[in-house]
Asks: 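This is the structure I have questions about; it appears just below.
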Amino acid sequence: QVQLVESGGGLVQPGGSLKLSCAASGSFFSINTMAWYRQAPGKQREAVATITRDGSTTYADSAKGRFTISRENALYLQMNSLKPEDTAVYYCKASVIRRADSTSSYVAWGQGTQVTVSS
């Protein structure tokens, strides 16, 4: 099983920047798509950005032009021009292939990191 640990959240003023990280560890064959989700109090969890194993990315409309997802040995989310409405708990999500002889996958989630954008 894979373990996902997010870091990099915190308090930032509107217009500021943060960079989130997600480290994956454990026993697994590979990770396909990874993504950042966020959930604000009283709201549904929503996808912010996704990235495939080959580096193809997609973004929510609210994130386009401001956020950048990237993937090396860890997953990152560079967030610029932050707005108060970006305030949420941000979660790392991964589609995991357990074994080399398996074509099936399962979804793993991190515990989240708090991002607060406020004056």
Side-chain angles (χ1 to χ4, degrees):
Q1 299 290 326
V2 66
Q3 291 79 49
L4 304 176
V5 180
E6 303 97 335
S7 62
L11 175 64
V12 64
Q13 293 185 342
S17 298
L18 285 174
K19 187 174 184 178
L20 307 182
S21 300
C22 173
S25 63
S27 180
F28 58 92
F29 176 65
S30 67
I31 295 177
N32 193 2
T33 300
M34 300 190 76
W36 288 100
Y37 281 66
R38 68 186 181 189
Q39 187 168 25
K43 297 183 179 180
Q44 293 185 338
R45 189 172 298 186
E46 63 176 353
V48 177
T50 62
I51 185 168
T52 69
R53 185 168 48 203
D54 296 328
S56 179
T57 60
T58 60
Y59 295 91
D61 288 341
S62 61
K64 291 179 180 177
R66 300 189 300 123
F67 293 4
T68 302
I69 188 170
S70 61
R71 178 178 181 174
E72 297 292 338
N73 291 328
L75 178 71
Y76 302 97
L77 184 67
Q78 177 66 52
M79 303 187 294
N80 300 323
S81 302
L82 284 163
K83 306 174 181 179
E85 51 263 44
D86 295 318
T87 296
V89 177
Y90 284 70
Y91 297 91
C92 177
K93 177 185 178 182
S95 179
V96 183
I97 299 175
R98 184 177 292 109
R99 298 180 300 275
D101 60 355
S102 176
T103 59
S104 63
S105 63
Y106 66 92
V107 173
W109 290 91
Q111 293 300 306
T113 184
Q114 177 71 50
V115 172
T116 302
V117 185
S118 176
S119 298

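A quick note: this is a predicted structure, and the numbers were derived from the prediction, not measured.
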Asks: Have Thr33 and Thr50 got a donor and an acceptor in their side chains that come within less than 3.5 Å?
Replies: no
Asks: Mark yes or no for whether Thr87, through its side chain, and Val117, through its backbone, hold a donor-acceptor pair below 3.5 Å.
Replies: yes
Asks: How long is the gap from CD on Gln1 to OG on Ser25, to the nearest 0.5 Å?
Replies: 12.0 Å
Asks: Which heavy atom in Ser81 sits nearest to a heavy atom in Arg66, and how many Å separate them?
Replies: O-NH1, 3.0 Å
Asks: Do Ile31 and Leu75 belong together in a cluster built from hydrophobic side chains that touch within less than 4.5 Å?
Replies: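 Result: yes, single cluster for both.
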Asks: Do the non-hydrogen side-chain atoms of Met79 and Leu20 ever get within less than 4.5 Å of each other?
Replies: yes
Asks: Main chain of Thr52, side chain of Arg71: is a donor-acceptor contact present, judged purely on distance under 3.5 Å?
Replies: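 Yes; at least one donor-acceptor contact below 3.5 Å.
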Asks: Under a 4.5 Å cut-off applied to non-hydrogen side-chain atoms, are Tyr106 and Arg98 in contact?
Replies: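 When only atoms from C-beta onward are counted, Arg98 and Tyr106 do touch, with a gap below 4.5 Å.
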Asks: Give the cluster check for Val48 versus Val12: same hydrophobic cluster or not, with ILVMFWY residues linked at side-chain heavy-atom distances below 4.5 Å.
Replies: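 Both belong to a single hydrophobic cluster.
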Asks: Report the residue from Arg45, Lys93, Glu46 that forms a side-chain hydrogen bond (donor to acceptor under 3.5 Å, both in side chains) with Tyr37.
Replies: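 For Tyr37, the side-chain hydrogen bond (donor to acceptor under 3.5 Å, both in side chains) check succeeds only for Lys93.
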Asks: How many angstroms lie between atom CG of Asn32 and atom CG of Asp54, to the nearest 0.5 angstrom?
Replies: 8.0 Å
Asks: Would you compute the distance between atom CE of Met34 and atom CG of Leu77 and round it to the nearest 0.5 angstrom?
Replies: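 Here the rounded value is 12.0 Å.
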Asks: Take a 6.0 Å sphere around CD of Gln44 and say whether it holds more than 12 heavy atoms from other residues, nucleotides or ligands.
Replies: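 Open: at most 12 neighbouring heavy atoms sit under 6.0 Å from CD of Gln44.
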Asks: Has Gln111 got more than 12 heavy atoms of other residues, nucleotides or ligands less than 6.0 Å from its CD?
Replies: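 Open.
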Asks: Less than 4.5 Å apart, side chain to side chain, heavy atoms only: is that true for Tyr59 and Thr68?
Replies: yes
Asks: Could you see if Val96 belongs to whatever hydrophobic cluster contains Ile51? Use Ile, Leu, Val, Met, Phe, Trp, Tyr and a side-chain cutoff under 4.5 Å.
Replies: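 Same cluster.
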Asks: On a heavy-atom basis, which atom in Gly8 and which in Leu18 lie closest, and how many Å separate them?
Replies: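 Answer, listing the atom of Gly8 first, then Leu18: O-CD2, 3.8 Å.
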Asks: Is the shortest distance from a Lys or Arg side-chain nitrogen in Asp61 or Lys64 to a carboxylate oxygen in the other one below 4.0 Å?
Replies: yes
Asks: Would you indicate whether the side-chain heavy atoms of Trp36 and Cys92 approach each other to under 4.5 Å?
Replies: yes
Asks: Closest approach of Gly112 and Val89, non-hydrogen atoms and distance?
Replies: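 That would be CA-CG1, 3.8 Å.
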Asks: When rounded to the nearest 0.5 angstrom, what distance separates CZ in Phe67 from OG in Ser17?
Replies: 9.5 Å
Asks: Got a second to check how far Gln13's CD is from Leu82's CG, nearest 0.5 Å?
Replies: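 Between atom CD of Gln13 and atom CG of Leu82 there are 11.5 Å.
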Asks: Of the non-hydrogen atoms in Val115 and Gly9, which two are nearest, and what is the gap between them?
Replies: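 Heavy-atom minimum between the residues: CG2-CA, 4.2 Å.
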Asks: Measuring from Gln78:CD to Ile69:CD1, what's the distance to the nearest 0.5 Å?
Replies: 12.5 Å
Asks: What is the minimum heavy-atom distance between Ser62 and Arg38, and which atoms define it?
Replies: OG-NH2, 3.3 Å
Asks: If every non-hydrogen atom of Ala40 is compared with every non-hydrogen atom of Ala88, which pair is closest and at what distance?
Replies: N-CB, 3.8 Å
